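Since the structure is predicted, the reported quantities are computational estimates derived from the model, not experimental observations. Each chain gets a letter, A, B and so on, in the order the sequences are listed, and its residues count up from 1.
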Amino acid sequence: MRLEELDAEDEEDDQPLPDLPNVDAYEDVRMRLAPNPNGPWHLGSARMPAVIGTYKQMYDGWMLCRFDDTDPETKRPDPNAYGEILSSIGYLGFDPDEVVKASDRVETYYEHARTLIDEGGAYTCSCDAASFSALKNDGRPCPHREKDAETTRSEFKAMIDGEYAAGEMVLRVRTDIEHKNPALRDWVAFRMVDTPHPRSEAEEYRCWPMLDFQSGIDDHEFEITHIVRGIDLQDSAKRQGFVYDYFGWEYPEVLHWGHVQIDAYDVELSTSTIKELIANGELDGWDDPRAPTVASLQRRGIRGEAIVNAMVGLGTSTSNVDLAMSSVYAENRELIDDEADRLFFVRDGVEKTLDGGPDSAAPPVHPDHEARGVREIPVGDGVLVEPDDVPPEGQRVWLKGYGPVRYTDGVFEFTGDGIDVVREEDVDVVHWVPAEENVPLRLRTMDGDESGHVEPGIGGYGSDDVVQFERIGFARIDRHEDEETVAYFAHP
RNA sequence: GCUCGCUUGGUGUAGCCCGGCCAAUCAUAUCGGCCUUUCGAGCCGAUGACAGGGGUUCAAAUCCCCUAGCGAGCACCA
């Protein structure tokens with residue numbers, strides 16, 4: 001009994017995120033991811049599924065993935081991004097209960113707009129953006145504001161029918177033109193876009209809802225109870241509140257978080273910036289190790305769970321936060337260290353002839369798990385070691401898993417010393433590979449590619465296997481090519 | 001300019017709503033030690049923070065006010 005109580009307490013203490021507000025008022029916790037499919041995800045985007053997915057697990061809730069793709073022009077959807085984003089969500093370990101695209105739901109938004117017009121909640125406006133903005137900043141209505149519902153209704157129909165070009169007509173929500181916060185005054189709900197939507201299912205639409213309208217309608221239609229979103233949308237709830245009031249709806253609970261920055265990258269955390277760098281060849285693609293993207297970490301063999309743990313650790317505060325990559329690495333190390341087999345990889349190896357000693361070495365596959373056996377490495381007449389690991393003339397070094405050698409006249413002479421020279425006489429232990437029987441390997445890192453040679457056992461590992469190159473770090477084997485094996489460096 | 005929000009060590013976070021148990025939690029980081037045929041893991045230890053100023057109170061990280069800094073919105077982007 002005592003123990004159970006303690007466990008229960010522990011569980012509460014281990015709660016990864018603070019409680020959502022007012023959970024008891026709802027039968028189920030229902031949330032949504034609302035990605036813009038204008039490209040594959042950068043690392044900041046991973047925060048959304050990490051936190052919302054974790055809340056879903058905490059409350060045994062329900063989660064929608066809704067693609068907010070209602071801008072065919074400025075933030076033009078990338079047809080491949082829908083699938084890529086879903087696959088990133090899966091990699092992070094989550095599975096939406098339902099997936100929808102806003103561009104499939106345009107008729108629904110029209111329907112609600114017509115109702116809103118009838119309620120007196122909206123009017124069509126042909127002011128150009130600049131002159132409306134000037135009036136609005138003064139708290140003065142434009143001449144269109146007093147239009148009757150019937151005129152608005154017929155002009156909105158003309159918008160839907162595509163009778164206006166971009167910029168000629170919008171539908172505005174009638175809020176409070178003198179509201180003390182200028183951001184809330186009579187905002188645009190629908191506008192004309194000349195560019196067809198990239199999805200063929202939606203290419204005929206010219207009259208598109210703005211995010212605040214679309215998202216507001218959808219959140220209600222899908223009975224979303226808790227919204228978690230960025231501070232850039234901190235006025236959205238207040239804006240949408242006017243529409244909710246017209247309809248007599250209850251607004252969901254809402255949480256805002258700040259922006260995430262990630263150290264360790266030179267590249268800005270922005271879909272458009274990364275897109276540009278790829279287009280002009282500075283990055284090899286979305287999974288280039290130097291790219292701050294979800295796909296990049298995946299290719300480096302970092303577990304989605306590690307990203308989620310690190311993101312969840314940031315909490316949900318409204319202030320901007322810096323995520324240290326080292327914390328992602330620390331989370332990942334904990335997940336993979338136990339299962340990653342050990343291998344020797346020598347960068348820029350220098351060859352040293354070996355004089356005497358056994359014909360082969362047998363270091364353990366994993367030092368903490370004897371049962372996994374040993375790696376038989378044939379030694380031959382010489383070895384490669386890293387330039388920094390060559391001891392001064394006359395000094396000894398311990399070839400890890402093989403034995404002690406003395407560096408004499410450019411040759412490694414086997415000395416047969418016991419392991420106590422390592423413990424008591426400060427002989428360094430270094431990794432090595434046979435000079436003959438090895439495999440060339442290219443290690444792709446955030447700082448560029450490193451070339452070297454790996455022990456022959458590498459052939460036994462396939463794509464996606466994660467190993468630890470001793471004294472270097474963890475890496476994911478990507479592929480075996482004829483002339484070399486390619487691996488991606490994860491972290492130390 | 002108008003409006004909204006934020007500010008705990010290198011980084012993140014707990015505590016703040018309901019002031020005292022906070023000479024401030026945990027993680028990461030860094031440094032040192034032990035162990036070790038890895039610069040990994042593990043174990044031990046150290047480092048390091050309440051933005052500043054006023055006020056209320058017996059008592060303030062916690063409540064109030066001011067200042068500073070940072071951020072966001074005021075888009076026919078999301």
Base, sugar-phosphate or nothing for [X]? Non-hydrogen atoms, less than 4.0 Å.
{"X": "A/Lys400", "answer": "base"}
{"X": "A/Pro363", "answer": "nothing"}
{"X": "A/Gly313", "answer": "sugar-phosphate"}

If the condition is salt bridge (charged side-chain N to carboxylate O under 4.0 Å, His left out), which residues does A/Glu386 pass it with, not counting sequence neighbours?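 Partners of A/Glu386 under the salt bridge (charged side-chain N to carboxylate O under 4.0 Å, His left out) test: A/Arg347.
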Heavy-atom donor-acceptor pair, [X] side chain to [Y] backbone, under 3.5 Å:
{"X": "A/Lys275", "Y": "A/Asn38", "value": "yes"}
{"X": "A/Tyr244", "Y": "A/Gly216", "value": "yes"}
{"X": "A/Lys136", "Y": "A/Pro141", "value": "no"}
{"X": "A/Asn438", "Y": "A/His453", "value": "no"}

Please write out each protein N/O paired with an N/O of nucleotides 41-47 of chain B under 3.5 Å, distance rounded to 0.1 Å.
| residue | atom | partner | partner atom | Å |
| --- | --- | --- | --- | --- |
| B/A41 | OP1 | A/Arg333 | NH1 | 3.4 |

According to the interplanar angle, ranging from 0 to 90°, do the rings of A/Phe156 and A/Phe190 count as parallel (below 30°), tilted (30 to 60°) or perpendicular (above 60°)?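 Perpendicular, since the angle between the ring planes exceeds 60°.
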Heavy-atom contacts, protein to nucleotides 63-78 of chain B, under 4.0 Å, summarised as B (base), S (sugar-phosphate only) or - (none) per nt, yield --------BBBBSBBB
Length of the line joining [X]:[atom1] and [N]:[atom2], which is rounded to integer Å:
{"X": "A/Phe489", "N": "B/G40", "atom1": "CZ", "atom2": "P", "answer": "12 Å"}
{"X": "A/Leu323", "N": "B/G10", "atom1": "CG", "atom2": "C1'", "answer": "14 Å"}
{"X": "A/Asp322", "N": "B/A29", "atom1": "CG", "atom2": "C1'", "answer": "14 Å"}
{"X": "A/Asn309", "N": "B/U11", "atom1": "CG", "atom2": "C1'", "answer": "17 Å"}
{"X": "A/Phe344", "N": "B/U37", "atom1": "CZ", "atom2": "P", "answer": "13 Å"}
{"X": "A/Glu331", "N": "B/U13", "atom1": "CD", "atom2": "P", "answer": "15 Å"}
{"X": "A/Leu314", "N": "B/A14", "atom1": "CG", "atom2": "C1'", "answer": "14 Å"}
{"X": "A/Ile262", "N": "B/U28", "atom1": "CD1", "atom2": "P", "answer": "19 Å"}

Write down the distance separating the [atom1] atoms in [N] and [M], rounded off to the nearest Å.
{"N": "B/A49", "M": "B/G15", "atom1": "C1'", "value": "13 Å"}
{"N": "B/G54", "M": "B/U11", "atom1": "C1'", "value": "32 Å"}
{"N": "B/C34", "M": "B/A14", "atom1": "C1'", "value": "31 Å"}
{"N": "B/G69", "M": "B/C76", "atom1": "P", "value": "30 Å"}
{"N": "B/C66", "M": "B/A72", "atom1": "P", "value": "24 Å"}
{"N": "B/C39", "M": "B/U30", "atom1": "C1'", "value": "15 Å"}
{"N": "B/U67", "M": "B/U28", "atom1": "P", "value": "41 Å"}
{"N": "B/C22", "M": "B/A68", "atom1": "C1'", "value": "26 Å"}

Using a cut-off of under 3.5 Å, enumerate the N/O to N/O pairs linking the protein to nucleotides 30-34 of chain B.
none

Test side-chain hydrogen bond (donor to acceptor under 3.5 Å, both in side chains) applied to A/His366 and A/Arg372, step by step: CA-CA 7 Å; A/His366 194 296; A/Arg372 277 149 72 174; 4.7 Å; no
In Å and rounded to the nearest 0.5 Å, what is the [atom1] to [atom2] distance from [X] to [Y]?
{"X": "A/Arg153", "Y": "A/Thr124", "atom1": "CZ", "atom2": "OG1", "value": "12.5 Å"}
{"X": "A/Leu33", "Y": "A/Ser45", "atom1": "CG", "atom2": "OG", "value": "11.0 Å"}
{"X": "A/Tyr109", "Y": "A/Asp218", "atom1": "OH", "atom2": "CG", "value": "3.5 Å"}
{"X": "A/Arg32", "Y": "A/Asp219", "atom1": "CZ", "atom2": "CG", "value": "4.0 Å"}

For A/Pro492 and A/Ser319, find the nucleotide of RNA chain B closest to each by heavy atoms; which residue's nucleotide sits nearer the 5' end?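 Nearer the 5' end of the strand: A/Ser319.
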Closest-nucleotide mapping onto RNA chain B: is A/Ser326 or A/Ile419 further toward the 5' terminus? I mean the 5' end.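 Looking at the nearest nucleotide for each, A/Ser326 comes out on the 5' side.
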Would you check if there is a donor-acceptor pair between the side chains of A/Asp128 and A/Ser131 at a distance under 3.5 Å?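 Yes, because at least one side-chain N or O of A/Ser131 sits under 3.5 Å from a partner of the opposite role on A/Asp128.
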Is the distance from OP1 or OP2 of B/A29 to the nearest side-chain N or O of A/Ser327 less than 4.0 Å?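 False: A/Ser327 side-chain N/O out of range (4.0 Å or more) of B/A29 OP1/OP2.
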Tell me, which pairs form a salt bridge (Lys or Arg N to Asp or Glu O under 4.0 Å) where one or both residues lie in residues 170-191 of chain A, sequence neighbours left out?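 Passing the test, one end in residues 170-191 of chain A: A/Asp71-A/Arg191, A/Arg145-A/Asp186.
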Looking at B/G5, B/U38, B/G40, which one has an atom nearest to any side-chain atom of A/Thr318?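 Closest of the options to the side chain of A/Thr318: B/G5.
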Nucleotide-level pairing of RNA chain B, given in dot-bracket where Watson-Crick and G-U pairs need both distances under 3.5 Å and | marks other strands: (((((((..(((.......[.....)))((((((.......))))))...(((((..]....))))))))))))....
Can you tell me which residue among A/Tyr402, A/Trp432, A/Phe469 is in a ring pair (Phe, Tyr, Trp, His ring centres under 6.0 Å) with A/Phe344?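 One option only clears the test, and that one is A/Trp432.
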What's the verdict on side-chain hydrogen bond (donor to acceptor under 3.5 Å, both in side chains) for A/Thr445 and A/Asp447, showing C-alpha distance, side-chain angles and the deciding distance? CA-CA 5 Å; A/Thr445 80; A/Asp447 303 316; 4.8 Å; no
I'd like to know whether A/His226 forms a side-chain hydrogen bond (donor to acceptor under 3.5 Å, both in side chains) with A/Asn22, so could you lay out the CA-CA distance, the side-chain angles of the two residues, the decisive distance to 0.1 Å, and finally the verdict. CA-CA 9 Å; A/His226 292 78; A/Asn22 207 19; over 6 Å; no
